[in-house]
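Note that the numbering runs from 1 along the sequence shown for the chain.
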Amino acid sequence: MSFVLRILINALALWLTTLIVTGVKVVPYPPAETLETVLTYLLVALVFGIVNGIIGNFIRIVAFPLYILTLGLISLIVNGLLLLLVAWISSLTGFGLVVDGFWWGVLGALVLGLISWLIGVLLRPLTKKNR
């Protein structure tokens, strides 16, 4: 249940990020109606979760000395690069996440992280009752 909830939170956070950050957008697969748009956001959130869970954790372990040296500021760059990687993976299908550049990716990753954290904090009482 937690995995599905995490995907839904990431999809909602990604949707809100595309509304706030103009350099990050999601192109739904045709015919781009409501169902296709929602499924595209869920698919991109799934890809983002997989990339962040596997590649992101590997990078964080390998680059641990850089995290200490930069007092954690390198995480902004790493998260921006991970968002660009998700955009590249989803571009192979012809639809999905589109990031206009590196700095848009960094800003998008920052906003995405803040929004998903905020949604997670708001939903935490609901998830603790189910455990």
Side-chain angles (χ1 to χ4, degrees):
M1 181 66 176
S2 176
F3 178 74
V4 174
L5 184 63
R6 194 78 226 157
I7 296 299
L8 291 172
I9 289 172
N10 280 338
L12 179 62
L14 183 64
W15 174 66
L16 292 172
T17 301
T18 58
L19 295 177
I20 295 170
V21 180
T22 58
V24 177
K25 45 191 160 297
V26 171
V27 177
Y29 66 91
E33 293 179 6
T34 304
L35 178 66
E36 290 84 3
T37 304
V38 170
L39 288 177
T40 303
Y41 276 104
L42 289 172
L43 181 66
V44 171
L46 177 68
V47 171
F48 182 74
I50 291 170
V51 166
N52 199 21
I54 297 172
I55 298 172
N57 285 337
F58 176 74
I59 290 173
R60 288 178 191 96
I61 291 169
V62 171
F64 183 70
L66 279 176
Y67 277 81
I68 292 174
L69 186 65
T70 63
L71 301 175
L73 291 176
I74 193 73
S75 66
L76 295 173
I77 305 300
V78 169
N79 290 339
L81 289 173
L82 289 174
L83 195 65
L84 284 172
L85 180 62
V86 170
W88 177 74
I89 290 171
S90 66
S91 73
L92 296 176
T93 61
F95 61 89
L97 187 65
V98 176
V99 180
D100 289 340
F102 173 74
W103 292 110
W104 285 115
V106 171
L107 180 63
L110 179 66
V111 171
L112 180 68
L114 287 174
I115 291 173
S116 65
W117 170 78
L118 183 62
I119 294 170
V121 167
L122 293 175
L123 293 179
R124 187 166 292 140
L126 296 176
T127 59
K128 286 196 176 200
K129 287 181 183 176
N130 293 335
R131 287 184 186 177

Asker: Quick check: does any side chain N or O of Arg60 sit under 3.5 Å from a backbone N or O of Gly56, one acting as donor and the other as acceptor?
Answerer: yes
Asker: Can you get from Phe102 to Val99 by hopping between Ile, Leu, Val, Met, Phe, Trp and Tyr side chains that sit under 4.5 Å apart?
Answerer: yes
Asker: Are Leu118 and Leu8 connected in the hydrophobic side-chain network, where two residues link if heavy atoms are under 4.5 Å apart?
Answerer: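 Different clusters: Leu118 never reaches Leu8 through Ile, Leu, Val, Met, Phe, Trp or Tyr contacts under 4.5 Å.
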Asker: Going through the distances and angles, do Leu81 and Ile59 end up as a side-chain contact (heavy atoms from CB on, under 4.5 Å)?
Answerer: CA-CA 11 Å; Leu81 289 173; Ile59 290 173; over 6 Å; no
Asker: Is it true that Val47 and Val98 fall in one hydrophobic cluster, defined by side-chain heavy atoms closer than 4.5 Å?
Answerer: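 No; Val98 is not reachable from Val47 via cluster members.
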Asker: Which residue pairs pass the side-chain hydrogen bond (donor to acceptor under 3.5 Å, both in side chains) test when at least one of the two sits in residues 108-121, sequence neighbours left out?
Answerer: none
Asker: Could you grab the distance from atom CG of Leu112 to atom CG of Leu82, nearest 0.5 Å is fine?
Answerer: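 Between atom CG of Leu112 and atom CG of Leu82 there are 11.0 Å.
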Asker: Which residue pairs satisfy the side-chain hydrogen bond (donor to acceptor under 3.5 Å, both in side chains) criterion with at least one member in residues 9-26, sequence neighbours excluded?
Answerer: Thr18-Tyr41, Lys25-Asp100
Asker: What is the distance from atom CG of Leu16 to atom CG of Leu114, rounded to the nearest 0.5 Å?
Answerer: 12.0 Å
Asker: Verify the cluster assignment for Val27 and Ile89: are they in a single hydrophobic cluster under the rule of side-chain heavy atoms below 4.5 Å apart?
Answerer: no
Asker: Show the nearest heavy-atom pair for residues Gly80 and Ala109, with the distance to one decimal.
Answerer: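 Taking every non-hydrogen atom into account, N-CB, 3.8 Å.
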Asker: So if you build clusters from Ile, Leu, Val, Met, Phe, Trp, Tyr with side-chain heavy-atom gaps below 4.5 Å, do Val38 and Val4 land together?
Answerer: yes
Asker: What's the separation between atom CG in Asn79 and atom CG in Leu107, rounded to the nearest 0.5 Å?
Answerer: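 Rounded to the nearest 0.5 Å, the CG-CG separation comes to 12.5 Å.
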Asker: Of all the heavy-atom pairs spanning Ala11 and Ala45, show the shortest one and how long it is.
Answerer: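 That would be N-CB, 3.5 Å.
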Asker: I need the Ile9 CD1 to Leu123 CG distance, nearest 0.5 Å.
Answerer: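 Those atoms lie 5.0 Å apart.
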Asker: Quick one, Leu83 with Leu97, criterion side-chain contact (heavy atoms from CB on, under 4.5 Å). Give me CA distance, side-chain angles, the key distance, then yes/no.
Answerer: CA-CA 9 Å; Leu83 195 65; Leu97 187 65; 3.7 Å; yes
Asker: Identify all side-chain donor-acceptor contacts of residues 62-78 below 3.5 Å with residues at least two apart in sequence or on another chain.
Answerer:
unit_1	atom_1	unit_2	atom_2	d
Thr70	OG1	Leu66	O	2.7
Thr70	OG1	Ile74	N	3.3
Ser75	OG	Gly72	O	2.6

Asker: Which heavy atom of Ser90 sits nearest a heavy atom of Ala87, and at what distance?
Answerer: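 For Ser90 versus Ala87, the nearest heavy atoms are OG-O, 3.1 Å.
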Asker: Might you work through the side-chain contact (heavy atoms from CB on, under 4.5 Å) test for Ile20 and Ile115, ending with a clear yes or no?
Answerer: CA-CA 11 Å; Ile20 295 170; Ile115 291 173; 3.7 Å; yes
Asker: Phe95 versus Val26: any side-chain heavy-atom pair under 4.5 Å?
Answerer: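 The answer is no; the side chains never approach within 4.5 Å.
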Asker: Do Leu46 and Phe3 have side chains that approach each other closer than 4.5 Å (heavy atoms only, starting at C-beta)?
Answerer: yes
Asker: Begin with the C-alpha distance, continue with both residues' side-chain angles, and end with the deciding distance and a verdict on side-chain contact (heavy atoms from CB on, under 4.5 Å) for Trp88 and Leu92.
Answerer: CA-CA 7 Å; Trp88 177 74; Leu92 296 176; 4.2 Å; yes
Asker: Is any side-chain heavy atom of Pro31 less than 4.5 Å from a side-chain heavy atom of Glu36?
Answerer: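 Yes, close enough: below the 4.5 Å cut-off.
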